[in-house]
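Remarks on the structure that follows.
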Amino acid sequence: MKKFIVAGTALFFFFSAQAEKKPNIIYFVCHDLGRLISPYGAEVETPQLQSFAESGATLMKAYCSSACCSPSRGCAMTGRYATNTGLMGVGQGWELKPDEKTIVNDLNDAGYLTVHAGFQHERHRPGYRPNDPSYKDPNGYQLDARRLGGWEAVFAENVVDDAIHFLKNRDPQDSQPFYFNIGSQETHGSTFHGARAEKYKRNELYGVDDPASVWVPPSMPDNQESRDYFSKMWPCLRHLDREFGRLLNAIDELGYADNTVVIFTTDHGIFGSRHKMTLFGSGTETALLVRWPGRIPAGSKFSELIGNIDLRPTLLEAAGAPVPENVDGRSFWPLLTGGDYVPSESLMIEFNYHAKYDPMRAVRTDEFLYIRNFEPNAKYRYTPAEILELPAPRCDGWPNNSVLGRTAFDHPSMKNWPARPREQLYDVRRDPNEFVNLSANPEYDSVLKQHAAMLDRWMAEDKDPLLDGDVPDHRKSAGH
């Protein structure tokens, strides 16, 4: 009898230990993709991402909290608004401050091994030389898994090679869990057109589609510029899809799948007319797919509003780690796993600097998008139909790409360009592409005031620097 008691006790502690074992976390973030993959209805071939979505959860209404690269990634890693972290732009002088904590610091404290490969955009880091023991990662990762230097280290095939190398050389039963942040440069436009694409022969690797037969999303004008662009972007995306599938196969074949949370996401929408660097849905939407077999029901689809400031607290809850008090986001882990979850009624989204200064703030709810423009000289952004009606050569291009910020507004070519309204309001259920501005429609006056008040409250609570004038330009203080 005692033998059965001892055996039963041993089994109890074994299964308890297994149940309490913290999951590994693999966070795969690509560049400039939005939701243009098949799980969201895009007419493109992404079979690996489709299969991945069917094996886990698809967040149908996920958005970035700041609509350009570095600020968006800073929001995801810190769980805080860009106005709070100070990372409000891209380029020299803009980065997370040394004392700004991220999920990497949290998981280091929680006993995780933290690993990175590929691209990151939150902090400037010194030139990396593989196998250099003197290199210290500014984001606090304990291990840098890159085996190449320079731009080659951030291409999808190489980041996946680095990830698989790490997984193959680690025992899946190792008692220390790991957090692996994998950043791919695809599908940033520099990977499929321009000097960098040419230097690294990326189009030879990806291929180029026939412009006449490519799918053009409804948020873009169906003209030659769009067709030329997507003839290169879709092959780049298919390459990213294949490489992500190769990573998934390795996770499964090496025995990691059952105790690993895998996330696929991006930073914001694609480059183009009314997209990246704007607060329209096409500029702020993000793909967000999450898998943990046995814990997250396969094929789940959630339509709750999710901001990428919610990622840090969500992954910390999955890891059983405490969420710092200064985090602005909130965990949606209960939503994924069938727990009690109260959906967010609204998301707050901002934009400040990219190549130029063009401050904007937005409130997004299930029914409406409200945008407030703070640059008095801001120019109007044409809809796809309006672009096609413009006289040549404007109808053949993306004229909105000229609207890059304050200095662009004074360009002679924009002398007669229409002004951008101070406020914009869109009924996203009736007008999902956000083409019809209702801010001057008296039937929507109460809706406009309600959303304007929501924005005012957020800016006041957040101590938004725009309340005191222009957002300070860190690049000037950095000598750039």
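By convention here, the first residue in the shown sequence is residue 1. Side-chain atoms are counted along with the backbone in the values below, which use heavy atoms only and exclude waters and symmetry mates.
Heavy atoms of other residues, nucleotides or ligands lying less than 6.0 angstrom from NZ of Lys101 number 12 at most. The number of heavy atoms from other shown groups lying within 6.0 Å of CD (Glu157) is above 12.
Trp417 and Tyr380 have their aromatic ring centers separated by at least 6.0 angstrom.
Ring orientation note: the planes of Trp458 and Tyr81 are nearly perpendicular, at an angle over 60° on the 30°/60° scale. Aromatic ring pairs are classed by plane angle as parallel below 30°, tilted from 30° to 60° and perpendicular above 60°; the pair His121 and Phe119 is perpendicular.
Applying the side chain to side chain donor-acceptor pair (under 3.5 Å) criterion to Thr284, with sequence neighbours excluded, gives no partner residue. The side chain to side chain contact (heavy atoms under 4.5 Å, CB included) check on Ser38 picks up Thr46, Gln50, with sequence neighbours excluded. Remark: Ala298 pairs with no residue by the side chain to side chain contact (heavy atoms under 4.5 Å, CB included) rule, at least two apart or across chains. Residues satisfying the side chain to side chain donor-acceptor pair (under 3.5 Å) criterion with Arg361, sequence neighbours excluded, are Asn352, Asp464. Lys301 pairs by the side chain to side chain contact (heavy atoms under 4.5 Å, CB included) definition with Thr58, Met60, not counting sequence neighbours. Listed by chain and number, the residues in a side chain to side chain donor-acceptor pair (under 3.5 Å) with Tyr426 are Gln424 (sequence neighbours excluded). Evaluation of the ring-ring contact (aromatic ring centres under 6.0 Å, His included) rule for Phe166 yields Phe178, Phe180 as partners, not counting sequence neighbours. The side chain to side chain donor-acceptor pair (under 3.5 Å) check on Asn441 picks up nothing, with sequence neighbours excluded. Among residues two or more places apart in sequence or in another chain, the side chain to side chain contact (heavy atoms under 4.5 Å, CB included) test is passed with Glu152 by Leu148, Asn158, Tyr200.
One distance of note links CG of Asp241 with SG of Cys236; it measures 11.5 Å at 0.5 Å rounding. Distance check, rounded to the nearest 0.5 Å: CG of Leu87 to CE of Met77 gives 12.0 Å. For the atom pair CG of Leu315 and CG of Leu107, the computed distance is 8.0 Å after rounding to the nearest 0.5 Å. With rounding to the nearest 0.5 angstrom, the OG1 atom of Thr83 is 9.0 Å from the CG atom of Leu466. Atoms SG and CD1, on Cys30 and Ile37 in that order, are 8.0 Å from each other to the nearest 0.5 Å. Atom CD of Glu304 and atom CG of Asp310 lie 11.5 Å apart (nearest 0.5 Å).
Under the 4.5 Å side-chain criterion, counting only non-hydrogen atoms from C-beta, Ser190 is in contact with Gln185. Looking at Leu311 and Thr314, their side chains never come closer than 4.5 Å, going by heavy atoms from C-beta outward. At a threshold of 4.5 Å between non-hydrogen side-chain atoms, the residues Leu59 and Leu335 count as touching. Tyr179 is not listed as a side-chain neighbour of Val115, based on a closest heavy-atom distance of 4.5 Å or more. Using a 4.5 Å heavy-atom threshold, the side chains of Arg242 and His239 count as touching. Side-chain atoms of Trp333 and Ile296, non-hydrogen and from C-beta on, do get closer than 4.5 Å to each other. At a threshold of 4.5 Å between non-hydrogen side-chain atoms, the residues Leu425 and Val447 count as touching. Using a 4.5 Å cut-off on side-chain heavy atoms (C-beta onward), Arg429 and Asp366 make contact.
Scanning all heavy atoms of the two residues, the minimum distance from Phe351 to Leu279 falls at CB-CD2, 3.9 Å. Nearest approach of Ala117 to Arg146, heavy atoms of both residues: CA-CG, 4.0 Å. Summarising the geometry of Gly397 relative to Pro221, their closest heavy-atom pair is O-CG, 4.4 Å, with the distance given to 0.1 Å. Taking every heavy atom of both residues into account, Leu247 and Ala163 meet most closely at CD1-CB, 3.8 Å. The minimum heavy-atom distance between Ser184 and Val159, with the atom names listed, is CB-CG2, 4.4 Å. The two residues Arg227 and Pro211 have their closest heavy-atom pair at NH1-O, 2.9 Å.
Salt bridge present: Asp162 and Arg147 bring a charged side-chain N and a carboxylate O closer than 4.0 Å. Salt-bridge check for Glu95 with Arg123: failed, with every basic side-chain N at 4.0 Å or more from each acidic carboxylate O.
Tyr63 pairs in a side-chain contact (heavy atoms from CB on, under 4.5 Å) with only one of the listed residues (Asn308, Ile306, Leu305), which is Leu305. When Phe52, Phe28, Tyr27 are each tested for a ring pair (Phe, Tyr, Trp, His ring centres under 6.0 Å) with Phe264, only one passes: Phe28.
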Determine all donor-acceptor pairs shorter than 3.5 Å in which one atom belongs to a side chain in residues 268-275; sequence neighbours excluded.
from	atom 1	to	atom 2	distance (Å)
His268	NE2	Asp32	OD1	3.4
His268	NE2	Cys69	N	3.4
Ser273	OG	Asn400	ND2	2.4
Arg274	NH1	Arg381	O	3.4
Arg274	NH2	Glu434	O	2.2
His275	ND1	Ser273	O	2.1
His275	NE2	Ser219	OG	2.8

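Of the possible polar contacts, none joining the Arg312 side chain to the Ala76 backbone as a donor-acceptor pair under 3.5 Å is found. Here the side chain of Ser439 pairs a donor or acceptor atom with the backbone of Glu423 at under 3.5 angstrom. Using modelled atom types, no side-chain atom of Thr191 and backbone atom of Thr187 make a donor-acceptor pair closer than 3.5 Å.
A side-chain N or O of Arg330 and one of Ser344 form a donor-acceptor pair less than 3.5 Å apart. When only modelled atom types and interatomic distance are considered, Ser51 and Glu54 share no side-chain donor-acceptor pair under 3.5 Å. Side chains of Asn223 and Ser226: a donor on one and an acceptor on the other come within 3.5 Å. Ser331 and Glu317 share a donor-acceptor pair across their side chains, judged by distance under 3.5 Å alone. No side-chain donor-acceptor contact under 3.5 Å links Glu285 and Tyr40. There is no side-chain donor-acceptor pair under 3.5 Å between Ser70 and Glu122. Between the side chains of Tyr370 and Arg372, at least one donor-acceptor pair of N or O atoms lies under 3.5 Å.
A side chain to side chain donor-acceptor pair (under 3.5 Å) check over residues 205-215, counting only residues at least two apart or in different chains, returns the pairs Glu186-Tyr206, Arg202-Tyr206, Asp209-Arg238. Here salt bridge (Lys or Arg N to Asp or Glu O under 4.0 Å) pairs that include residues 71-91, with residues two or more places apart or in two chains, are Arg73-Asp267, Arg80-Glu100.
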Report the C-alpha distance between Tyr382 and Trp398 in whole Å, list the side-chain angles of each, state the deciding distance to 0.1 Å, and finish with yes or no for ring pair (Phe, Tyr, Trp, His ring centres under 6.0 Å). CA-CA 9 Å; Tyr382 290 104; Trp398 296 346; over 10 Å; no
